[in-house]
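What follows is one structure encoded as structure tokens, with my remarks underneath.
So you know, we letter chains A, B, ... as the sequences are listed, proteins then strands, and number each from 1.
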2 protein chains.
Amino acid sequence: MTSPSTPSPTRPTSAAGRGTRVRGTRQAEALGQVLADLPGFRSAQDIHAELRSRGERIGLTTVYRQLQVLSADGAVDTLRDESGETLYRRCATSAHHHHVTCRSCGRSVEVEGRAIEHWAARVAAEAGFTDVDHTVEIFGRCPDCAAEGH
Amino acid sequence: MTSPSTPSPTRPTSAAGRGTRVRGTRQAEALGQVLADLPGFRSAQDIHAELRSRGERIGLTTVYRQLQVLSADGAVDTLRDESGETLYRRCATSAHHHHVTCRSCGRSVEVEGRAIEHWAARVAAEAGFTDVDHTVEIFGRCPDCAAEGH
DNA sequence: GTCGCAAGTGAAAACGAATGTCATGTTCAC
DNA sequence: GTGAACATGACATTCGTTTTCACTTGCGAC
């Protein structure tokens, strides 16, 4: 939100020493920066628009591709909103967790529900299912959006 | 595709005084029949293909439209698979529940998790979110598909 | 510094699910 | 039986996402 301090973030000094596969390109760097700045889940097209509005010259294809790589790498979380669009967010932890997401501004809160994991594993096992995975997403209206009547 | 008990609920002779908009058309009848026969979640296109393979003359548009109406009516449940496609299934109960779904054959088991509802409501409230909704889906491999190596 | 090449990029085209359009067909009330 | 409202479906359109492929760029070798 209030991020007026944007001096020169696109400085590929040497901070790219993460587990990311991405090579040190200006686009990848800028994308990482935007992901770090945005507080909630955003669509690829949103992120692309944000990059463009910051003056970055980057193609939509690259945004999709990078997000795909980052997602496979576990560096960003993905979820699908009600309309089927895929939303992305860099999460603080790479451990398994879920989100409470605002359906109007995309802001999200990470929640950890050990109970849910157990429940999911149990009911799947009871049904005889193996190789089990689950998705749990909670959508709602965040306090700010509720206050503004969104 | 074992369809042992196939009652005839889709007989909107005069029982159409419900909230259902579906008029007694041949297509709606056939669609209801297919939904009753299919054991798991299937895509609209699957259902359309199944109808066609049964010799029904029905358009894809109609399938989508009917499924939409049935879904809004609570007569079928919907979920999105990993690829983003929407899947449909007629469920036994119209009460709120979740599913364990086989990711290769679409077969599903209904599970009721009161604990999940409470958990979702609680974590959302703790985050200050209102107007809360949630999705919980469990994907896995059903015993049959596991046995066949799918 | 410059050369070379693989990896990255991106505009445009392709793709696919889903929805809109509208002329035609069908059902139900009368 | 008749008519009008509603359902149908072939086709067009929308929209998010992926693929294609020619071009650019980072980076190690020289």
Using a cutoff of under 3.5 Å, can you pull out all pairs of nitrogen or oxygen atoms linking the protein to nucleotides 11-13 of chain C, with atom names and distances?
residue	atom	partner	partner atom	Å
C:dA11	N6	A:Thr61	OG1	3.1
C:dA12	N6	A:Thr61	OG1	3.4

_Whether B:Tyr64 contacts C:dT19 is assessed here as follows: a side-chain N or O lying under 4.0 Å from the phosphate OP1 or OP2. Is that the case?_
no
*Phosphate contact (C:dT9 OP1 or OP2) by A:Gln66 side-chain N/O below 4.0 Å*: yes
*B:His118 atom NE2: more than 12 heavy-atom contacts under 6.0 Å*: no
*Please work out which of the three classes, parallel, tilted or perpendicular, describes the rings of A:His96 and A:His134, given edges at 30° and 60°.*
perpendicular
*Rounded to the Å, how far apart are B:Arg26 CZ and D:dA7 C1'?*
11 Å
*Can you tell me the distance, in whole Å, between the OH atom of A:Tyr88 and the P atom of D:dG16?*
12 Å
_Contact list for residues 48-86 of chain A, test ring-ring contact (aromatic ring centres under 6.0 Å, His included), sequence neighbours left out_ = none
*Rounded interatomic separation in angstrom, taking CG from A:Asp46 and P from D:dG16*: 10 Å
*Between B:Gln45 and C:dG16, is there a side-chain N or O to OP1/OP2 distance below 4.0 Å?*
no
*Rounded interatomic separation in angstrom, taking CD from A:Gln68 and C1' from D:dG16*: 13 Å
*Expressed in angstrom and rounded to an integer, what is the separation of B:Arg57 atom CZ from D:dA10 atom P?*
9 Å
*Where do B:Glu112 and B:Arg114 land on the salt bridge (Lys or Arg N to Asp or Glu O under 4.0 Å) test, with the steps shown first?*
CA-CA 6 Å; B:Glu112 182 249 359; B:Arg114 209 160 329 208; 3.0 Å; yes
*Tell me the salt bridge (charged side-chain N to carboxylate O under 4.0 Å, His left out) pairs involving residues 92-111 of chain B, sequence neighbours left out?*
A:Asp131-B:Arg103, B:Glu82-B:Arg103, B:Arg107-B:Asp144
*How many Å lie between CG on A:Asp81 and P on D:dG16, as a whole number?*
10 Å
*Are A:Arg90 and A:Leu38 close enough that some pair of their side-chain heavy atoms sits under 4.5 Å apart?*
no
*If only side-chain N and O atoms of B:Gln27 are considered, is one of them under 4.0 Å from the OP1 or OP2 phosphate oxygen of D:dG9?*
yes
*C:dG10 phosphate, OP1 or OP2: any side-chain N/O from A:Thr62 under 4.0 angstrom?*
yes
*asked:* Over all strands shown, is A:Thr86 touching base, sugar-phosphate only, or nothing at heavy-atom distances under 4.0 angstrom?
replied: sugar-phosphate
*Given atom CZ of B:Arg42 and atom P of C:dA17, what is their separation to the nearest angstrom?*
14 Å
*Please report, rounded to the nearest Å, how far the C1' atom of C:dA18 is from the CG atom of B:Leu87.*
14 Å
*Could you grab the distance from atom CG of B:Asp73 to atom CG of B:Leu67, nearest 0.5 Å is fine?*
12.5 Å
